[in-house]
Amino acid sequence: MNLSSFTPLVLCLLVFTSQALAQAPDNFGNDSGEQIFNNVRIITGDGAVIEQGSILVRAGIILAVGPASRIAIPDGAVSHDLSGKTIIPALVNTHAHLGWEAYGDWGSQYFTEDNLTDHLYRHAYYGVGTIISTGSDEEEVAARVKLEQLRGNIGGARYHLSPGMGSPGGGPNPRFTDDPDYWGVHPVADPEQAVRTVRELAGRGYRIAKIWVDARDERRGAQLKLAPEIYKAVLETALNYDMRIIAHATTLADHKSLVNLGNRRFIHMPYDVEVDDEYLELVQENNVYIVPTLGMVTKREPYYIPAFRDPFFFDQVPPSLIESLNVNYNPAPVIRNAAAEERSARMANNLLKLKDHIILGTDAGAVGDFFGYADHVELELFVRMGMSPAEAIIASTSRSAEAFGLDNVGILQAGKAADFVILDANPLQDIRNTRQIHEVYLRGIKVDREGLQQKWSQ
Ligand SMILES: [Zn+2]
């Protein structure tokens, strides 16, 4: 048997209605047949590389990974000969904002089940197998989509959301909070409210939550940062419920205070100064994970790579969007002034000092970066700033999963989910080769990238 004997996936579900949902077959739960992916370079996600390897998959789970010579092909298994290709784990993106982006417009009115589902497929198209949406999801809509994904009625990247807590009036940047229909964040005005809120969120089944420590929008009365006694209460209560907190914080002083009070995950590196030895010790001793979100802050700086002329981005969005991006984004020159150079150098320095703690997150959906594509830009920025391609891949797969206790993804090992990307070229030679995607498999099922591309490029 070969690939062509596979039944193509039914993609009508991408535009599902609630009626269609009720009748949908279990298409995306996983594939029950055995498949073997043969003669392929396997980058396992934890640093190991198998040059002539095989991966045996059944029911969406990896049964075996190893040298091809040691893994027998079971009778009846579908065999994929992947000579010359490279497999990496599907990426794990720990910081994005799903639901608001409409590819041509943006706002809370687009936070629908259909649009949220579309964003999960956008990530899948680009080889992102797991996505954590941080603090901006409308929770009832999100819960319905998550449930349908668990039921196997929709595919795409595995969806995790992390409700957000902030000081009253605090929360995300004004782009969200200016939206008159924005549903807001969970306010935590004092330690007692922090304890109650974490318990409430735990009771609803959340195992990841976000806190905004920075005061983002003074106009709405959020002059106050989240006070240490409040985030201490959040962090301590979260421990009791096995809830993982990720903190938005951007200064070295706040980072130190947060680690000292129990925080282990950050959105953003310290941007204000170069990190010092005290901080590095704290990070190492406490196994802290950091999403640097480089793409967001390097757009006008020397590290920025113009994106909108890259076919890997524009072949899956409508021509009208490319036109508007060219008008709105490209005329802005890359600023090469001394201050920008200095900030980039500081960021690169901090990134290298923290490189064993860096994880993947793009902030896509919030700041004009686009789902999935932004992940590959982030990988490239990791390497441009001095990480090796191997380190960038570990950061974006196994370490990102580990940071949130997502034990089944981010690594290619027996017993883990069959979520991986087959590449036409070796990303260890050039990290931009992560864009040479041959196929993506999630839950052991091939993502219909051609069908998605057709749908999106209209
Ligand atoms: Zn964000």
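Numbers here are sequence positions counted from 1. We count ligands from 1, going down the list as the structure has it; atoms in each ligand are counted the same way.
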Checking one value in my table: which N/O/S atom of Asp363 lies closest to the Zn ion (ligand 1)? OD1
Partner residues of Ala202 under the side-chain contact (heavy atoms from CB on, under 4.5 Å) criterion, sequence neighbours left out: Arg207, Tyr241, Met243
Under the side-chain contact (heavy atoms from CB on, under 4.5 Å) test, which residues partner Ala157, sequence neighbours left out? His123, Ile131
Do Asn115 and Thr112 have side-chain atoms, one donor and one acceptor, less than 3.5 Å apart? no
Metal site the Zn ion (ligand 1): N/O/S of His248 inside 2.8 Å: no
Looking at Tyr289, I'd like to know if the NZ or CZ of Arg244 sits under 6.0 Å from its six-membered ring centre while staying within 45 degrees of the ring's axis. no
The angle formed at the Zn ion (ligand 1) by NE2 of His95 and NE2 of His97 is about (to 10 degrees) 110°
